[in-house]
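Structure first, then comments.
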Amino acid sequence: MTKTRRIPLTQMRSGQNGIIVQIMAGYSLINRLSDLGLYIGKQVMVLSSFRLRGPVTIKANGTQVAIGFGMARHIIVEVNEFQS
């Protein structure tokens, strides 16, 4: 059985996939993320992250992008969790 939940990008584990469902930010940050190819409905995979406020490296559209912790915490992602 699969269960979905919504979490900030900063809480995803390395190798985990998700779909951006919300960006809780102002116009300028939304535009900046859009320029990087990150927008609502886009599937992303976390390549690496640091729990102590370091940068988050993600893969979207076959491209790796590193964004700061502050930006990443505004991106809400829906992830699938498998339950037995």
Shared hydrophobic cluster, Leu9 / Met45 (ILVMFWY, side-chain heavy atoms < 4.5 Å):
no
How close do Ala60 and Val44 get, heavy atom to heavy atom, and via which atoms?
CB-CG1, 4.0 Å
First locate atom CG of Leu36, then atom CG of Leu33, and finally report the distance between them rounded to the nearest 0.5 Å.
6.0 Å
Just list the side-chain donor-acceptor pairs under 3.5 Å for residues 61-73, sequence neighbours left out, or say none.
residue : atom : partner : partner atom : Å
Asn61   : OD1  : Lys42   : NZ           : 2.4

Give every donor-acceptor pair under 3.5 Å between a side-chain atom in residues 15-23 and any protein atom, sequence neighbours left out.
residue : atom : partner : partner atom : Å
Gln16   : OE1  : Arg13   : N            : 2.9

Contacts of Thr4 meeting side chain to side chain contact (heavy atoms under 4.5 Å, CB included) (sequence neighbours excluded), chain-then-number -> Glu78, Asn80
Is it true that Ile7 and Val46 fall in one hydrophobic cluster, defined by side-chain heavy atoms closer than 4.5 Å?
yes
Determine yes or no for a side-chain-to-main-chain donor-acceptor pair under 3.5 angstrom, with His74 supplying the side chain and Met24 the backbone.
yes
Nearest heavy-atom approach of Leu47 to Ser14 is O-OG, 3.5 Å
Is there a path from Val56 to Leu29 through hydrophobic residues (I, L, V, M, F, W, Y) whose side chains come within less than 4.5 Å of each other?
yes
